[in-house]
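Read the structure below first, then the notes.
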Amino acid sequence: MSITRTVSYNFGFGVGARFLSNLLSIVFIGIITRYLGPTLFGYYSTIMSYLIIATIVADMGLQLMLVREISQYPEKESTIVNALVTLRLVLLGCVSVIASIIIWILPYDPLIKWGVMISIVTVVFSSVLDSTVTLFSL
């Protein structure tokens, strides 16, 4: 298979997967909206927005830094990976604790506060998964 054909196939597959992902997201948001109703969907949106901000703060560009550092110093790959994964886990722990404390200070409904507390576990696991995806894609 030629390189042009391979690139075209992979590009087409990527575009198709992205389209399907977006279509499913629209369908699921429609289902969630109808099931929860306006008030509970507002709570859901608030919880997700709060957690997305926490995820962005916890990431701090470490995945890009990992790729950059390994490409510059391939002989130090294991040291760089260990340092950045450790840093990521420490940042995740700190951000999770701080986000959990801040949500109780803010004037939100208790349902939102408990939703954040339960969902913050998902943020931690998804961030750890993102770290492994970065490692395996190098």
Side-chain angles (χ1 to χ4, degrees):
M1 193 181 274
S2 71
I3 189 81
T4 306
R5 189 172 180 164
T6 303
V7 169
S8 299
Y9 174 77
N10 289 338
F11 178 76
F13 187 79
V15 168
R18 182 71 167 203
F19 176 76
L20 182 63
S21 171
N22 288 340
L23 182 66
L24 288 174
S25 294
I26 291 169
V27 169
F28 287 136
I29 289 293
I31 291 169
I32 290 170
T33 305
R34 286 179 184 86
Y35 180 76
L36 293 177
T39 303
L40 291 178
F41 185 74
Y43 288 178
Y44 171 79
S45 297
T46 303
I47 293 167
M48 289 297 116
S49 298
Y50 188 80
L51 292 175
I52 287 170
I53 292 169
T55 303
I56 291 169
V57 170
D59 181 37
M60 294 214 159
L62 290 178
Q63 290 178 328
L64 296 176
M65 189 184 305
L66 176 68
V67 172
R68 185 190 71 205
E69 292 299 314
I70 289 177
S71 66
Q72 288 180 351
Y73 308 105
E75 68 279 357
K76 298 180 181 180
E77 180 178 352
S78 64
T79 306
I80 294 168
V81 168
N82 289 336
L84 285 176
V85 168
T86 303
L87 179 60
R88 175 112 187 213
L89 290 173
V90 168
L91 278 173
L92 267 170
C94 292
V95 167
S96 297
V97 168
I98 292 169
S100 299
I101 292 169
I102 290 174
I103 195 65
W104 288 102
I105 296 170
L106 296 173
Y108 286 123
D109 188 88
L111 192 57
I112 292 175
K113 293 177 181 184
W114 283 109
V116 167
M117 296 301 292
I118 292 168
S119 301
I120 207 149
V121 175
T122 306
V123 170
V124 171
F125 284 122
S126 69
S127 293
V128 170
L129 178 66
D130 286 347
S131 296
T132 60
V133 168
T134 302
L135 294 176
F136 289 125
S137 64
L138 291 176

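Under the 4.5 Å side-chain heavy-atom criterion for grouping Ile, Leu, Val, Met, Phe, Trp and Tyr, Leu51 is connected to Ile112 within one hydrophobic cluster. A single hydrophobic cluster is not seen to contain both Met60 and Ile56; linkage of ILVMFWY side chains at heavy-atom distances under 4.5 Å, directly or through other members, places them apart. Cluster membership check: Val95 does not share its hydrophobic cluster with Val90, using side-chain heavy-atom separations under 4.5 Å among Ile, Leu, Val, Met, Phe, Trp and Tyr. Note on Leu84: it clusters hydrophobically with Leu92, by side-chain heavy-atom contacts below 4.5 Å among ILVMFWY residues. Ile120 and Leu111 end up in the same hydrophobic cluster when Ile, Leu, Val, Met, Phe, Trp and Tyr side chains are linked at under 4.5 Å.
Side chain of Arg34 to main chain of Gly30: a donor-acceptor pair is present (N/O by atom type, distance under 3.5 Å, no hydrogens or angles). Between the side chain of Thr46 and the backbone N or O of Gly42 there is at least one donor-acceptor pair closer than 3.5 Å.
Using a 4.5 Å heavy-atom cutoff, the side chains of Arg88 and Gln63 are in contact. Looking at heavy atoms from C-beta onward, Ser127 lies in side-chain contact with Thr55 at the 4.5 angstrom threshold. Contact of the Leu40 side chain with the Tyr35 side chain is not registered, since no non-hydrogen atoms from C-beta on lie closer than 4.5 Å. Using a 4.5 Å cut-off on side-chain heavy atoms (C-beta onward), Leu91 and Leu87 make contact.
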Step by step, would you call Leu106 with Tyr50 a side chain to side chain contact (heavy atoms under 4.5 Å, CB included)? CA-CA 11 Å; Leu106 296 173; Tyr50 188 80; 4.1 Å; yes
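Between the CD1 atom in Ile80 and the CD atom in Glu75 there is a gap of 7.5 Å [rounded to 0.5 Å]. One finds the CH2 atom of Trp114 at 12.5 Å from the CD1 atom of Ile47 (value rounded to the nearest 0.5 Å). Expressed to the nearest 0.5 Å, how far OH of Tyr43 lies from CG of Leu36 amounts to 12.0 Å. Glu69 contributes atom CD, which lies 12.5 Å from atom CD of Glu77 (distance to the nearest 0.5 angstrom).
Few gaps surround CH2 on Trp104; more than 12 heavy atoms of other groups in view lie less than 6.0 Å from it.
Listed here is the closest heavy atom pair of Lys113 and Tyr108: CE-O, 3.2 Å. Residues Met48 and Ser119 share a closest heavy-atom pair of CE-OG, 4.4 Å. Nearest heavy atoms, Ser100 versus Ile103: O-CG2, 3.2 Å.
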